[in-house]
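Comments concern the structure below.
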Amino acid sequence: MVQLRPRASRAPVSAEAMVDEGQPTSEEEAEHGLLLGQPSSGAAAEPLEEDEEGDEEFDDEAPEELTFASAQAEAREEERRVRETVRRDKTLLKEKRKRREELFIEQKKRKLLPDTILEKLTTASQTNIKKSPGKVKEVNLQKKNEDCERGNDSKKVKVQKVQSVSQNKSYLAVRLKDQDLRAARQQAAQAFIHNSLYGPGTNRTTVNKFLSLANKRLPVKRAAVQFLNNAWGIQKKQNAKRFKRRWMVRKMKTKK
Amino acid sequence: MGEFKVHRVRFFNYVPSAIRCVAYNNHSNRLAVSRTDGTVEIYNLSANYFQEKFFPGHESRATEALCWAEGQRLFSAGLNGEIIEYDLQALKIKYAMDAFGGPIWSMAASPSGSQLLIGCEDGSVKLFQITPDKIQFERNFDRQKSRILSLSWHPSGTHIAAGSIDYISVFDVKSGSAVRKMIVDRQYMGVSKRKCIVWGVAFLSDGTIISVDSAGKVQFWDSATGTLVKSHLIANADVQSIAVANQEDSFVVGTAEGTVFHFQLVPVTSNSSEKQWVRTKPFQHHTHDVRTVAHSPTSLISGGTDTHLVIRPLMEKLEVKNYDAALRKITFPHRRLISCSRKRQLLLFQFAHHLELWRLGSTVATGTVEAMCLLAVSPDGNWLAASGTSAGVHLHCTVPAYNFPVTAMAIAPNTNNLVIAHSDQQVFEYSIPDKHYTDWSRTVQKHGFHHLWLQRDTPITHISFHPKRPMHILLHDAYMFCIIDKSLPLPNDKTLLYNPFPPTNESDVVQRRTAHAFKISKIYKPLLFMDLLDERTLVAVERPLDDIIAQLPPPIKKKKFGT
């Protein structure tokens with residue numbers, strides 16, 4: 001507990017202005033002197049520190065007198081300001097996010113087919129027809145199909161393709177979900193074959209070594225078919241080249 | 001003949017794709033070959049092994065199984081889960097039917113040819129009925145635990161053997177249930193962590209099942225009891241394919257090391273009636289995996305990752321032992337993949353999915369997109385000759401039909417003579433304005449070609465003419481190019497066909513006596529294309545085999561003594 005000699009506060013006006021609770025300054029002064037019921041050691045410590053700093057800087061002048069109330073008020077102001085800024089930031093971010101979402105929705109809407117064609121597709125009979133190669137508007141059709149499926153009472157799991165109803169029949173609507181599944185299975189099958197023929201446990205060698213075996217057994221032994229490995233240390237070679245170029249430039253500069 | 005400056009082009013980066021399946025059709029003596037890039041080729045084995053039909057393909061339609069059904073119908077199945085039927089007349093795909101079983105690993109046509117069986121990724125075996133215009137799903141057999149990698153019908157059509165991973169099952173066709181399940185050892189007399197994949201099965205009429213697997217074993221099983229009868233360890237790597245002859249007295253297997261083994265049923269002793277299967281001949285014609293084999297009545301056919309198609313006639317099955325009994329190795333395409341523009345000095349290279357245009361003398365390349373077929377246009381633009389897949393040549397009139405397909409055609413610039421080369425190495429010259437064969441062509445036919453000319457392996461793929469010398473015809477195949485001088489006498493069988501450079505110290509008289517019409521040079525080989533750019537310049541596009549091999553996938557390691 002630090003004993004302070006009671007001092008008259010230099011700036012009572014500012015303290016009043018800063019105080020939220022509206023306590024009279026005289027009471028504050030008395031409390032300040034008694035050091036009773038300090039809200040936090042930090043609030044009491046702050047004015048002390050300020051006084052000390054003031055002492056160090058201005059030796060001949062008397063240190064700035066700050067009441068506890070003023071300091072507390074200052075601190076509260078700070079906190080309020082900080083809270084305000086945080087709130088403002090949050091609201092700004094929210095607005096930004098909202099705007100972005102709206103933008104995305106708009107873009108999606110723009111990408112979707114016009115409503116007329118979509119209506120036709122949903123009412124068209126769903127039969128299996130031949131697969132079609134990649135289409136431009138597949139992505140949106142998939143979304144539309146999913147929406148339709150959700151809306152339909154009877155979910156036909158086996159249905160894969162939607163028949164095109166447009167007059168010119170220049171495109172076919174294909175459900176992408178099934179294509180992905182089929183592609184995934186095909187990839188898995190190819191991975192199986194690759195693993196069983198070229199995977200770990202198989203006794204494979206490179207074509208270079210295979211063809212060089214003959215060279216090893218010739219009466220006059222020759223080098224391997226592909227003796228140089230040009231793919232070795234590419235990064236190192238590139239770095240060396242760059243360094244050499246820079247060094248040359250530097251040398252030219254210093255020479256001049 | 002004169003001296004020429006030659007543009008020797010070796011940068012055509014043509015790499016053929018690996019052979020995946022081979023199917024032999026007994027009735028028409030034709031071979032269907034499918035490759036990993038989805039192309040299917042039909043070879044006519046009786047027309048000097050000429051590739052007569054070609055279906056371009058796509059990687060997504062890569063086939064895993066190919067088979068002929070009744071009525072010359074060709075079906076293929078692949079990892080995209082579809083069964084494709086090919087229209088051999090219109091040269092297109094008739095239809096592709098999804099089998100709804102996931103990727104299809106194997107397919108077999110019934111001995112009667114009216115049913116089709118496929119083995120799928122999910123372990124199901126599906127039976128399809130072949131109707132006159134399509135195929136129709138009939139039913140599913142019992143579903144198995146792992147993917148069905150190989151299928152084989154019993155010759156009577158009552159049972160089916162299906163090879164899977166670590167086991168073989170035997171199904172009864174009528175009920176569709178699995179009657180036997182034989183567990184395959186993972187390693188010959190040992191244990192192994194790697195699963196044993198049964199790459200091929202064959203069902204013989206006496207109930208024996210022959211299986212080949214990834215441990216390098218060929219095993220004989222008795223289907224009635226489900227027991228192993230005999231086991232042969234023939235390789236250190238996978239044995240990937242098996243094909244049985246129609247008479248069931250011999251079969252052929254292909255291994256991943258590139259070796260092809262021939263097994264035969266021979267009597268135990270010289271006069272006993274008991275027979276046993278003995279491994280008789282090994283053939284090492286491949287460097288990489290032999291993924292498919294076929295057995296025709298007289299020869300063994302094999303193809304694999306090293307892209308060669310090897311046809312080995314069996315000596316004991318042939319009656320006449322002439323040049324036909326030699327090994328045929330088909331490496332280079334039988335079609336022309338390169339075109340040349342003389343005036344602009346440009347070369348057009350045809351790849352599977354793109355074209356490359358190169359200017360001679362510089363090295364800038366540009367690309368475009370296209371398609372191809374066998375046509376010949378006369379330089380003055382008046383005549384067009386087209387050759388279909390059958391043997392006829394059609395012009396505004398029709399050339400008399402010949403039973404061998406056409407391999408190359410060209411129309412001479414001034415005389416408008418159509419020169420046709422056939423797959424049996426016959427060359428005809430037909431005069432279009434006069435609508436009959438020229439006199440020179442008749443004399444050649446009467447005289448006959450030199451026997452060495454007729455014994456050439458590869459077909460002539462390009463014919464061209466010299467602008468200033470109408471008596472010269474320039475043609476080439478994969479291993480030689482030849483200038484035929486129509487003014488010189490024809491060689492008979494006794495003269496040397498392949499002339500070395502004419503020796504200058506010999507007298508003129510001798511030279512004139514030995515000179516003949518066929519001037520052949522074997523300097524540039526293997527030759528994919530050769531043409532006359534102008535009077536003094538030739539362009540020759542070669543494709544060294546080493547360059548192709550350098551781009552193939554890794555082969556099996558072989559330990560050789562001393563390395």
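Numbered from 1 within each chain, the chains take letters A, B, ... in sequence-line order. Only this structure's heavy atoms are used, side chains among them; waters, hydrogens and symmetry mates stay out.
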For this session: Report, as yes or no, whether the 6.0 Å neighbourhood of atom NZ on B/Lys195 holds more than 12 heavy atoms from other residues, nucleotides or ligands.
Result: no
Which side-chain N or O atoms in residues 185-202 of chain A pair as donor and acceptor under 3.5 Å with protein atoms at least two apart or in another chain?
unit_1	atom_1	unit_2	atom_2	d
A/Ser196	OG	A/Phe192	O	2.9
A/Ser196	OG	A/Ile193	O	3.0
A/Thr202	OG1	A/Gly199	O	2.5

Problem set entry | Interface residues of residues 216-244 of chain A facing chain B - non-hydrogen atoms under 4.5 Å apart | A/Lys216, A/Arg217
Problem set entry | Sub-4.5 Å side-chain heavy-atom contact between A/Val207 and B/Pro555 | yes
Seminar exercise, completed: Applying a strict 4.5 Å limit to non-hydrogen atoms, the region of B/Ile104 in contact with chain A is neither
Problem set entry | Region of B/Thr287 in contact with chain A, defined by heavy-atom distances below 4.5 Å | both
For this session: May I ask you to check whether over 12 heavy atoms, not counting those of A/Glu101, lie within 6.0 Å of atom CD?
Result: no
Exercise. How far does NZ of B/Lys559 sit from CG of A/Asn203, to the nearest 0.5 angstrom?
Worked result: 11.5 Å
Problem set entry | Under the side chain to side chain donor-acceptor pair (under 3.5 Å) test, residues paired with B/Gln219 that sit two or more places apart | B/Ser231
Problem set entry | Top contributor to chain A contacts, counting heavy-atom pairs under 4.5 Å, from B/Leu149, B/Asp238, B/Asp289 | B/Asp289
Exercise. Take atom CD in A/Gln107; do more than 12 heavy atoms of anything else shown fall under 6.0 Å from it?
Worked result: yes
For this session: Report, by ascending residue number, the residues of residues 83-100 of chain A in heavy-atom contact with chain B at a distance under 4.5 Å; give 'none' if the set is empty.
Result: none
Exercise. So what's closer than 4.5 Å to chain A heavy atoms on B/Ile549: side chain, backbone, both or neither?
Worked result: both
Problem set entry | B/Asn236 atom CG, neighbour heavy-atom count above 12 within 6.0 Å | no
Exercise. Is it the case that more than 12 heavy atoms not belonging to B/Lys558 sit under 6.0 Å from its NZ atom?
Worked result: yes
Exercise. Relative to chain A, which segment of B/Ala237 carries a heavy atom at a distance below 4.5 Å: side chain, backbone, both, or neither?
Worked result: neither
Exercise. Which atoms of B/Gln240 come close to chain A, meaning under 4.5 Å heavy atom to heavy atom: side chain ones, backbone ones, both, or neither?
Worked result: side chain
